[in-house]
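Residue numbers start from 1 in every chain, and the chains themselves are labelled A, B, ... in the order their sequence lines are given, proteins ahead of strands. Just so it is clear, the model here is predicted, and its values are computed rather than measured.
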Number of protein chains: 2
Amino acid sequence: MLEVNPHDPVPPEGLGIAEAARRTGVSVHTLRYYERAGLVITDVDRTTGGRRRYRQSDLDWIKVCTRLRDTGMSIRDIRRYADLVAGGRGNEHERLALLAAHRTELAERMDELARSLAMIDRKIGIYRERMATGDADRLWAPETR
Amino acid sequence: MLEVNPHDPVPPEGLGIAEAARRTGVSVHTLRYYERAGLVITDVDRTTGGRRRYRQSDLDWIKVCTRLRDTGMSIRDIRRYADLVAGGRGNEHERLALLAAHRTELAERMDELARSLAMIDRKIGIYRERMATGDADRLWAPETR
DNA sequence: GGTTGACTTCGAGCACGCTCTAAATCCTAG
DNA sequence: CTAGGATTTAGAGCGTGCTCGAAGTCAACC
């Protein structure tokens, strides 16, 4: 068997999907799913028998995708971005717009999360207070349930 | 027809599901779904004909649920919480533990979001720089795509 | 009594992002 | 050459949280 350690450079003949999965941090299923979904614009090579052979450049691009995914970007939007990148030079403004829109969304989510956190903290505070003062079974206002 | 304005107090005979939906901010579908899911522990009254009649106390509890939902708590966890509340006095520690666990999750999500935001900002920064310096089609390192 | 519109239940459908299965094929070690 | 593990495909399945549809019932007004 072709021995390839996780940190060895990718051999000239490329990597099998299992090793590619290991190196990108997703499952082989997900790797194939991303390809079907049109995210993998690097056109992964195949052996004559049809097996995928991943090159470093493939892994690099897939990592871009997984990083975007990690930021909560939807598959659909990553797809859009990928299409732009595949479209080549000249659409940087569009790509930037897409990223900026995503950034805005993240910032909004952040605000909302902060509000949620405050709300939960308030609720927790009420509970703590209640329990400390032994009011646990006297206060039944909905606010505090 | 029974005229009931959105801010009128709930009449003694209760509200129909449509008005309850309006007042709780969810759809009638969602209202029934929450009930099926076991979130609505206030046991909404029914007319002899089987129609739901919402009292203020029902609305108050449902609003607790929607607020928890707004904080991103899962239906399953709201269910657990509801069961505890329905269980009555004496399990305040458990409720608090549940809320605290959720709070921890929110805080983690917050951190992750902050990291995502930073990552996206870095990427956006790279794009801005590239485009400003006219490097748009020279830099193709995967980091910057 | 009749028309209308609100409401009922149950179950299906949907969007998302995987995750898994089955049956076939490939490829490498021995 | 063969055994057996890795990989292939298309498509099904899953968990979440709704959302909708169908077919039937109820109730308010005329």
Side-chain angles (χ1 to χ4, degrees), chain A residues 1-4 11 13-40 43-54 58 62 65-82 102 105 109 112 116, chain B residues 1-4 11 13-40 43-54 58 62 65-82 102 105 109 112 116:
Chain A
M1 176 188 169
L2 257 171
E3 295 272 337
V4 184
E13 72 275 17
L15 298 172
I17 195 169
E19 182 59 24
R22 238 165 281 137
R23 295 199 187 195
T24 53
V26 298
S27 71
V28 295
H29 300 293
T30 299
L31 225 34
R32 287 191 279 249
Y33 166 65
Y34 282 179
E35 198 174 308
R36 262 188 290 171
L39 306 191
V40 186
D43 222 349
V44 178
D45 278 353
R46 300 286 184 125
T47 64
T48 52
R51 270 87 210 278
R52 294 171 179 81
R53 307 271 54 173
Y54 291 85
D58 298 317
I62 291 165
C65 294
T66 59
R67 277 206 301 270
L68 287 176
R69 196 72 201 77
D70 287 344
T71 70
M73 188 182 282
S74 68
I75 296 291
R76 177 190 302 279
D77 282 348
I78 300 175
R79 168 76 202 257
R80 283 198 243 278
Y81 184 72
H102 183 53
E105 215 186 295
R109 245 186 271 171
E112 180 132 359
S116 295
Chain B
M1 175 188 171
L2 258 171
E3 295 272 338
V4 183
E13 73 276 18
L15 298 172
I17 196 169
E19 182 59 24
R22 237 165 282 137
R23 296 198 186 195
T24 53
V26 297
S27 72
V28 296
H29 301 293
T30 300
L31 226 34
R32 286 191 279 248
Y33 166 65
Y34 282 179
E35 199 173 308
R36 263 188 289 171
L39 306 192
V40 186
D43 222 349
V44 177
D45 277 353
R46 302 283 184 128
T47 64
T48 52
R51 270 87 209 279
R52 294 171 179 82
R53 308 272 46 176
Y54 291 86
D58 299 317
I62 291 165
C65 293
T66 60
R67 277 205 302 270
L68 287 176
R69 196 72 201 79
D70 287 345
T71 71
M73 188 180 284
S74 68
I75 296 291
R76 176 190 303 278
D77 281 349
I78 300 177
R79 169 75 202 257
R80 283 199 243 278
Y81 184 72
H102 183 52
E105 214 187 295
R109 244 186 272 172
E112 180 134 357
S116 295

Any side-chain heavy-atom pair of A:T24 and A:Y54 under 4.5 Å
no
Taking the side chain as everything from C-beta on, heavy atoms only, tell me whether B:R109 gets closer than 4.5 Å to A:R109.
no
Atom CZ of A:R32 to atom P of C:dT21: distance rounded to whole Å?
13 Å
Interatomic distance where NE2 belongs to A:H29 and C1' belongs to D:dT8 [whole Å]:
12 Å
Quick one: label [X] by what it contacts on the DNA or RNA (base, sugar-phosphate, nothing), any heavy atom closer than 4.0 Å.
{"X": "B:R52", "answer": "sugar-phosphate"}
{"X": "A:R69", "answer": "sugar-phosphate"}
{"X": "A:R36", "answer": "base"}

Quick test of your reading of the model: are A:E35 and A:R32 salt-bridged, counting only N-O distances below 4.0 Å?
no
So, OP1 or OP2 of [N]: does either fall under 4.0 Å of a side-chain N or O from [X]?
{"X": "B:Y34", "N": "D:dC18", "value": "yes"}
{"X": "A:R46", "N": "D:dT9", "value": "yes"}
{"X": "A:R51", "N": "C:dC27", "value": "no"}
{"X": "B:S27", "N": "D:dC18", "value": "no"}

Where the side chain of A:R76 is concerned, which of C:dC16, D:dT7, C:dT19 is the nearest nucleotide?
C:dC16
Let me know which of B:D70, B:I75, B:D77 forms a side chain to side chain contact (heavy atoms under 4.5 Å, CB included) with B:M73.
B:D77
How do B:T47 and B:M73 order along DNA chain D: which one's closest nucleotide is nearer the 5' end?
B:M73
